[in-house]
Amino acid sequence: MPELPEVETIRRQLEKKIINRKIEEIIIKDKRLIKGVSPRVFKFEAEGASFKRILRRGKVLIFQIKEKTFLIFHLRISGWVILSKNIEKFSRVIFRLSDNNNFQFCDQRALGEIRLIGDWRNLAVVKKMGPEFFDLKEKEFIELFKNKRTKIKPLLMDQSFLAGIGNAYAQEAVFCAGIHPQRSVDSLSKKELGKIYSCLSAILKEAIKKKGSSLDTYRQLNGSPGNYAPLLKVYGREGQACFRCGYSIERKVIGGRGTYFCPHCQK
DNA sequence: AATGGGACCTGCGCGC
DNA sequence: TGCGCGCAGGTCCCAT
């Protein structure tokens, strides 16, 4: 599920449901997801604790469960979380809560990660992470691009450059800004970078409002799909007409990832 | 610094 | 129907 709007949706929904709930028992159905500590230590440390705070940094979900203990979720490509009485088909790790609900980390491809750490700021992935988009003013955003020479779309999804943007929203943002995904960053004017900023801002806010995009396995906390997918302008639309100019949308592998764009109105 | 490939995994849809 | 292939919203590690 994985990009900023999806993770933020889950964070907000969890905040209303599991704060102060106690973890009665942890059932590890797939120990491959537990990283950094053994499943035994993981259970020992987390069982009996309660959810105190829920944070998000980039695409990482962070739960404070004790004064100096944080539970970390990274959903990677095909993970999602569900809160329900029923056990889901792809449940890999289940946190049985004091209200009898099952807080479940589900993952089709089992590439997701669950960790336990004393301070989330010491996570390797967090240490090298770039700024949060919503912490940046337009001027600060434009500053980030100074001395960069790479292609714009892969750069937007580089987590050490900017946290939270993935393949789908990066291509939506450059489409919105009328910029070709392969444009070299040093060829972009301040005005064009400003346009990318306002596009990203609008797209991410709207996607959060719509509770994320369910293109594949992602679901909201209650199992419903997110509602942003129908609003995507280029993602997955190869061969269909561009909403802006009518030209056929193309797909090309850029930076190793499938990228959809309009070759006519993205320059 | 930047880019490309493979690895980690499973399941789906497509063409033959 | 069955099979093989390509594809999937992420990230790490290695090589050039």
Side-chain angles (χ1 to χ4, degrees), chain A residues 1-10 29-36 56-61 72-81 88-93 105-115 123-130 133 144-175 181-187 200 203-204 207-208 210-220 225-239 251-260:
Chain A
M1 58 164 245
E3 300 185 45
L4 186 156
E6 289 75 33
V7 181
E8 180 60 18
T9 296
I10 289 174
K29 296 175 73 181
D30 189 336
K31 57 186 192 315
R32 292 174 301 178
L33 300 233
I34 309 291
K35 310 283 184 182
R56 177 189 60 75
R57 178 78 171 90
K59 303 172 192 173
V60 179
L61 253 183
I72 308 297
F73 282 10
H74 197 311
L75 302 158
R76 293 286 183 95
I77 288 188
S78 62
W80 71 101
V81 299
E88 298 282 310
K89 179 178 173 193
F90 289 103
S91 261
R92 306 269 180 189
V93 178
F105 188 120
C106 305
D107 193 349
Q108 185 188 89
R109 290 165 72 179
L111 295 174
E113 288 189 7
I114 299 180
R115 293 175 182 273
L123 276 173
V125 66
V126 166
K127 281 199 161 180
K128 63 187 170 193
M129 209 176 263
F133 177 78
L144 291 181
F145 292 84
K146 216 158 60 175
N147 303 324
K148 292 282 180 187
R149 292 162 183 283
T150 183
K151 297 178 181 107
I152 181 62
K153 186 256 177 176
L155 183 62
L156 288 175
M157 46 189 294
D158 177 348
Q159 300 303 296
S160 65
F161 174 75
L162 183 64
I165 314 301
N167 197 29
Y169 294 109
Q171 45 200 293
E172 291 298 309
V174 289
F175 169 79
Q182 283 179 304
R183 269 282 289 285
S184 174
V185 167
D186 55 4
S187 78
L200 261 180
I203 289 167
L204 296 176
I208 292 171
K210 297 286 184 189
K211 316 282 199 283
S213 308
S214 289
L215 296 169
D216 194 356
T217 56
Y218 164 72
R219 292 294 179 273
Q220 297 182 51
N227 304 304
Y228 192 77
L231 301 183
L232 293 165
K233 303 286 192 288
V234 284
Y235 186 86
R237 299 195 63 245
E238 184 178 19
R251 178 185 185 275
K252 190 171 180 179
V253 175
I254 298 172
R257 308 299 300 277
T259 305
Y260 301 87

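Below, read A as the first sequence line, B as the second, and so on, with proteins coming before strands; counting in each chain starts at 1. As a basis for the values below, the full set of heavy atoms in this structure was taken, side chains included, without hydrogen atoms, waters or symmetry mates.
- Contact annotation for A:F90: backbone-only contact, meaning every heavy-atom pair under 4.0 Å involves sugar-phosphate atoms and none involves a base.
- For the strand DNA chain C, secondary-structure stems (runs of at least three Watson-Crick or G-U pairs, all distances below 3.5 Å) span B:2-8 with C:10-16, B:10-16 with C:2-8.
- Atom CZ of A:F161 and atom P of C:dT11 are 15 Å apart (whole Å).
- Remark: P of C:dT11 and CG of A:L156 are 14 Å apart, rounded to the nearest angstrom.
- Partners of A:F90 by ring pair (Phe, Tyr, Trp, His ring centres under 6.0 Å), not counting sequence neighbours: none found.
- The CE atom of A:M157 sits 13 Å away from the P atom of C:dC12 (whole-angstrom rounding).
- Here the closest heavy-atom approach between residue A:T9 and residue A:G212 is recorded as OG1-N, 3.9 Å.
- The listed nucleotides are C:dC12, C:dA8, C:dG10; the one nearest the side chain of A:Y260 is C:dA8.
- Each of A:Q108 and A:A124 was matched to the nucleotide of DNA chain C holding its nearest heavy atom; the match closer to the 5' end belongs to A:Q108.
- With sequence neighbours excluded, no residue satisfies salt bridge (charged side-chain N to carboxylate O under 4.0 Å, His left out) with A:K89.
- Between A:I208 and A:Y228, every side-chain heavy-atom pair lies at or beyond the 4.5 Å cut-off.
- Counting to the nearest Å, the P atom of C:dC13 and the NZ atom of A:K35 are 12 Å from each other.
- In this structure, CG of A:L123 is placed 11 Å from P of C:dC12, rounded to the nearest angstrom.
- Per the geometry, CG belonging to A:N167 stands 8 Å off P belonging to C:dA8, to the nearest Å.
- With a cutoff of under 4.0 Å to any heavy atom of chain A, the contacted region of DNA chain B is bounded 5' to 3' by B:dA2 to B:dG11.
- At the heavy-atom level, A:E113 lies nowhere under 4.0 Å from the strands shown.
- Within the 4.0 Å cut-off from OP1 or OP2 of C:dT11, at least one side-chain nitrogen or oxygen of A:K59 is found.
- Using a 4.0 Å heavy-atom criterion, one finds that A:R257 contacts the bases of the nucleic acid, with or without backbone contacts as well.
- Atom name P, nucleotides B:dG5 and C:dG6: the rounded distance is 14 Å, in whole Å.
- Within 4.0 Å (heavy atoms only), A:S184 reaches no atom of the nucleic acid at all.
- Taking side-chain N and O atoms only, A:H74 has a distance below 4.0 Å to OP1 or OP2 of C:dT11.
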Decide yes or no on side chain to side chain contact (heavy atoms under 4.5 Å, CB included) for A:F133 and A:L156, but give the supporting numbers first.
CA-CA 10 Å; A:F133 177 78; A:L156 288 175; over 6 Å; no
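- Shown here are the ring pair (Phe, Tyr, Trp, His ring centres under 6.0 Å) partners of A:F175, two or more places apart in sequence or in another chain: there are none.
- As a whole-Å value, the separation of A:Q171 CD from C:dG10 P is 10 Å.
- Residue-level contact check: A:G256 touches neither bases nor backbone, having no heavy atom under 4.0 Å from any strand.
- B:dG6 and C:dC7 have their P atoms separated by 14 Å, given to the nearest Å.
- Side-chain polar atoms of A:E6 and A:Y169 form a donor-acceptor pair below 3.5 angstrom.
- Shown here are the salt bridge (charged side-chain N to carboxylate O under 4.0 Å, His left out) partners of A:R257, two or more places apart in sequence or in another chain: there are none.
- The 12-atom threshold is exceeded at NZ of A:K35, counting heavy atoms of other residues, nucleotides or ligands nearer than 6.0 Å.
- Salt-bridge annotation for A:R76 and A:E113: present, with a side-chain N of the basic residue lying under 4.0 Å from a carboxylate O of the acidic one.
- Across the protein-nucleic acid pair, A:L33 atom CG and C:dG10 atom P stand 18 Å apart, rounded to whole Å.
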